[in-house]
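Below is one structure, written out as structure tokens, with a few remarks after it.
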Amino acid sequence: MSTTIRNIAIIAHVDHGKTTLVDAMLRQAGTFRANEAVAERVMDSNDLERERGITILAKNTAIYYQDSKINIVDTPGHADFGGEVERALKMVDGVILLVDASEGPLPQTRYVLSKALEAKLQPILVINKIDRPDARPQEVLNEVYDLFIDLDATEDQLDFPVLYTNGKLGLASTEIGKPGADLQPLFETILSTIPPASGDADGELQILVTNLDYSDYLGRLAIARVFNGTLRTGDEVNISKRDGSLQKTRITKLFSFAGLKRVDIEATEIGDIVAVAGVEGITIGETITGIENPAPLPAIVIDEPTIAIQ
Ligand code: GDP
């Protein structure tokens with residue numbers, strides 16, 4: 001298959017328009033059939049999140065644009081979920097920094113951006129809500145540059161592309177003061193700025209688990225990024241545990257993401273973000289490895305949330 005995969009996260013302070021923008025991207029990329037309404041808003045569909053107004057669980061959305069698949073990993077914006085931010089950032093090769101054109105960068109923007117810059121990720125700046133009567137995009141751009149400098153961004157990271165968007169109407173432009181006609185400039189910038197997910201499809205299996213989900217009929221699902229190798233349904237694998245031990249298991253089902261949905265696949269594609277069933281004993285930060293020469297990735301350190309999730 002010639003599809004290239006881009007894995008990105010969107011970093012934003014709450015209410016700066018992350019959900020609205022992803023909805024618009026989904027709609028324009030044609031992920032939804034014409035008669036299928038975007039009934040449920042994707043990135044904050046969890047009731048708990050709605051109540052709290054913060055994004056807690058990292059979720060995945062995949063958008064097809066031309067011959068590329070763009071996986072969008074949600075990142076919690078709140079410092080109380082520090083460990084989750086780092087895990088989400090392990091999945092991606094670049095970030096969209098989304099900033100309200102009136103409010104400018106706020107504490108959550110700063111916190112998650114600092115983690116993304118530390119992780120050496122390439123940012124794209126999106127200044128959103130340019131339609132607001134009190135929008136001040138030029139000043140906000142300057143504030144973002146100041147923030148990058150304050151956070152010790154590298155020269156390359158400072159050289160970020162900038163887009164001006166109206167997420168509500170699904171418009172993006174590379175020029176300040178121009179509304180744009182659609183989100184194509186954003187899709188193009190993602191493809192030209194974020195490196196395609198790479199790895200060796202024939203190499204030793206290395207699939208890093210960064211989140212867990214649960215299915216009533218399949219049990220525990222590991223949400224994971226395929227760094228090397230190819231995993232197939234029915235394969236026997238080793239779970240490389242964080243204590244260094246190995247646990248043999250058989251993969252019962254594999255999914256990748258399309259739009260908001262999980263779709264069955266027979267085999268993984270290199271670099272993709274997948275959901276894996278048949279891995280009851282697995283926990284976050286562990287690697288799914290091969291039987292012959294298991295080569296685990298370094299386990300991710302998990303900070304426990306500092307507030308209780310009920
Ligand atoms: P999130 O918390 O970052 O996911 O933010 P939402 O997508 O829920 O958006 C927060 C609010 O901003 C909602 O009321 C949106 O309708 C509004 N909003 C999002 N994008 C735009 C935009 O481009 N222009 C304007 N004027 N409002 C927007």
Side-chain angles (χ1 to χ4, degrees), residues 8-29 31-32 37-61 63 70-81 84-85 88-89 92 95-113 115-116 123-141 143-144 147 162-187 189-190 259-260:
I8 62 168
I10 304 185
I11 293 174
H13 192 90
V14 67
D15 278 343
H16 280 195
K18 184 159 70 169
T19 313
T20 307
L21 186 70
V22 173
D23 281 354
M25 289 170 80
L26 277 164
R27 248 185 249 112
Q28 287 191 25
T31 313
F32 286 89
V38 187
E40 215 189 339
R41 304 202 328 155
V42 198
M43 304 296 273
D44 66 354
S45 58
N46 185 287
D47 287 342
L48 182 64
E49 291 172 88
R50 275 216 192 95
E51 272 171 31
R52 292 218 176 114
I54 50 174
T55 306
I56 291 170
L57 302 168
K59 280 173 249 77
N60 305 286
T61 309
I63 290 168
I70 303 168
N71 281 311
I72 303 175
V73 177
D74 197 16
T75 47
H78 206 278
D80 286 344
F81 301 97
E84 287 199 43
V85 170
L89 294 177
V92 303
V95 292
I96 291 179
L97 176 65
L98 182 74
V99 182
D100 182 304
S102 167
E103 293 191 353
L106 289 177
Q108 291 170 20
T109 325
R110 182 189 173 95
Y111 175 73
V112 189
L113 177 63
K115 297 290 173 193
I124 294 171
L125 174 63
V126 172
I127 298 185
N128 190 35
K129 308 197 193 183
I130 47 159
D131 59 300
R132 278 180 68 151
D134 55 351
R136 44 183 195 94
Q138 186 59 56
E139 274 170 52
V140 167
L141 177 58
E143 287 169 15
V144 172
L147 179 59
V162 187
L163 288 136
Y164 302 90
T165 58
N166 177 337
K168 257 183 168 168
L169 296 181
L171 311 176
S173 168
T174 53
E175 285 174 66
I176 200 162
K178 293 213 173 145
D182 53 31
L183 288 178
Q184 194 152 339
L186 175 59
F187 289 122
T189 305
I190 291 170
L260 316 182

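Just so you know, ligand 1 is whichever comes first in the structure, and atom 1 is the first atom listed for that ligand. In this chain, residues are counted from 1 in sequence order.
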Legend entry - Enumerated ligand 1 atoms positioned under 4.0 Å from heavy atoms of Gly167: 22 (C), 23 (O)
Inset, instruction - Compute the shortest N/O to N/O distance between Gly17 and ligand 1 and return yes if it is under 3.5 Å, no if not. - result: yes
Inset, instruction - For Lys18, take its heavy atoms, then give the atoms of ligand 1 lying under 4.0 Å from any of them. - result: 1 (P), 3 (O), 4 (O), 5 (O), 7 (O)
Legend entry - His13 side, atom NE2; Leu113 side, atom CG - distance, nearest 0.5 Å: 14.0 Å
Inset, instruction - Drop me the distance from Ile96's CD1 to Ile124's CD1, to the nearest 0.5 angstrom. - result: 5.5 Å
Inset, instruction - Give a yes or no answer on whether the side chain of Asn128 reaches the backbone of Gly167 with a donor-acceptor pair at less than 3.5 Å. - result: yes
Inset, instruction - Give yes or no for whether the N/O distance cutoff of 3.5 Å, strictly under, is met between Thr20 and ligand 1. - result: yes
Inset, instruction - Quick one: look at Asn128 and ligand 1, take heavy-atom pairs under 4.0 Å, and tell me if it's side chain, backbone, both or neither. - result: side chain
Inset, instruction - Please say which of Val112, Val126, Leu98 ends up in a side-chain contact (heavy atoms from CB on, under 4.5 Å) with Ile11. - result: Val112
Legend entry - Under 3.5 Å donor-acceptor, Gln28 side chain and Asp182 backbone: no
Inset, instruction - Could you see which bit of Thr19 sits under 4.0 Å from ligand 1, with heavy atoms only: side chain, backbone, both or neither? - result: both
Inset, instruction - Answer yes or no: is there a donor N or O on one side and an acceptor on the other, between the side chain of Gln108 and the main chain of Val14, under 3.5 Å? - result: yes
Legend entry - Option of least heavy-atom distance to atom 11 (C) of ligand 1 (set: His16, Arg132, Lys129): Lys129
